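All values derive from a computational prediction rather than experimental measurement. Numbering of residues begins at 1 and proceeds along the displayed sequence.
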Amino acid sequence: MNRSIENSPPHGLEEVYAEYRTYFVRIAVSYVRDRMVAEDLVSDTFLKIWESRTETTPRNLPAYLLTALKRKCLDYLRDQAIHLRIQQNMHQTSARVVGERIARLEANDPQNLMMSEALAIIERELRRMPEQRRRIFIAHRYEEMSYREIAAVYELSEGQVTYELRAAKEALKAALKDYLPLIGLLLNGF
């Protein structure tokens, strides 16, 4: 470009566009750092001036266009800053939600939840059992008494102890049907 913007005489918009377009694009690129956006901003600036050409024609059209382009670049960058802040807030919110989900899952380990629920079912079923069956089951599973010891304490035959324990196990298995993977662990772990 051989003429300075400040010293150039008034031109027609077509002449200014042909002569200064490349220069204006370089200026816009230096602000927005994106060639396609810069070209759009330059085109928008010229179009805006073209649409308002009947209102007034500035004395120094290139300088006027440059000022208008800088304003467009500034508006674009402000919009980008707002957009980036919104994206950053959305990412922070998403990261916080994911972190909360992770913490919730870690705190509520499904195996621990299932174990707690299964234990609650066992306690409920033990309360529902006839007194003698409950005592025999507790003596065998919790107190680790043998069939012979239980029979002696409750004055029963070992066959009756076997029957009561089998009935208690069947009742618990039926109540814990949804927890089949844990039944062996629960019944053998006591």
Show me, pair by pair, the donor-acceptor contacts under 3.5 angstrom made by side chains of residues 86-99, not counting sequence neighbours?
| from | atom 1 | to | atom 2 | distance (Å) |
| --- | --- | --- | --- | --- |
| Asn89 | ND2 | Arg85 | O | 3.4 |
| Thr93 | OG1 | Asn89 | O | 2.8 |
| Ser94 | OG | Met90 | O | 3.0 |

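- Side-chain atoms of Leu165 and Tyr147, non-hydrogen and from C-beta on, do get closer than 4.5 Å to each other.
- Here the shortest heavy-atom pairing between Val25 and Ala38 reads O-CB, 3.8 Å.
- In this structure, Met145 and His140 have side chains that are not in contact, with every pair of non-hydrogen atoms separated by 4.5 Å or more.
- Taking the side chain as every heavy atom from C-beta outward, Ile49 and Leu65 approach each other to under 4.5 Å.
- Going from atom CD of Glu123 over to atom CZ of Arg128 covers 13.0 Å, rounded to the nearest 0.5 Å.
- Atom CD1 of Ile138 sits about 8.5 Å away from atom CE of Met129, to the nearest 0.5 Å.
- Separating the CG atom in Leu126 from the CD1 atom in Ile121 is a distance of 12.0 Å, to the nearest 0.5 Å.
- Using a distance-only test at 3.5 Å, with no hydrogens or angles considered, a donor-acceptor pair links the side chain of Gln160 to the main chain of Ser157.
- Taking a 6.0 Å sphere around OH of Tyr163, one finds it holds 12 or fewer heavy atoms contributed by other residues, nucleotides or ligands.
- Here the CZ atom belonging to Arg33 is positioned 10.0 Å from the CG atom belonging to Leu77, to the nearest 0.5 angstrom.
- Hydrophobic cluster membership differs between Leu47 and Leu61, with clusters built from Ile, Leu, Val, Met, Phe, Trp and Tyr side chains linked at under 4.5 angstrom.
- Using a 4.5 Å heavy-atom cutoff, the side chains of Leu172 and Phe137 are in contact.
- Side-chain N or O atoms of Ser43 include none that pairs as donor or acceptor with a backbone N or O of Asp40 at under 3.5 Å.
- Interatomic distance, OH of Tyr20 versus CG of Leu69, reported as 14.0 Å (0.5 Å rounding).
- Taking the ring-ring contact (aromatic ring centres under 6.0 Å, His included) definition, one finds that Phe46 meets it with Tyr17, Phe24, sequence neighbours left out.
- Using a 4.5 Å cut-off on side-chain heavy atoms (C-beta onward), Lys169 and Arg141 make contact.
- Other residues, nucleotides and ligands contribute at most 12 non-hydrogen atoms within 6.0 Å of the CZ atom of Arg148.
- No side-chain heavy atom of Leu74 sits under 4.5 Å from any side-chain heavy atom of Lys70.
- Of all heavy-atom pairs between Ile136 and Ile150, the closest is O-CD1, 3.8 Å.
- With values rounded to the nearest 0.5 angstrom, Glu125 atom CD is found 11.5 Å from Arg133 atom CZ.
- Tyr142 and Leu176 fall within the same hydrophobic cluster, where Ile, Leu, Val, Met, Phe, Trp and Tyr residues are linked whenever their side-chain heavy atoms come under 4.5 Å apart, directly or through other members.
- When each of Arg78, Gln80, Lys72 is tested with Tyr76 by the rule side chain to side chain contact (heavy atoms under 4.5 Å, CB included), just one qualifies, namely Gln80.
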Under the side-chain contact (heavy atoms from CB on, under 4.5 Å) criterion, do Trp50 and Glu14 qualify, and how do the steps go?
CA-CA 9 Å; Trp50 176 258; Glu14 297 85 6; 3.2 Å; yes
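- A salt bridge links Glu131 to Arg135: at least one charged side-chain nitrogen sits closer than 4.0 Å to a carboxylate oxygen.
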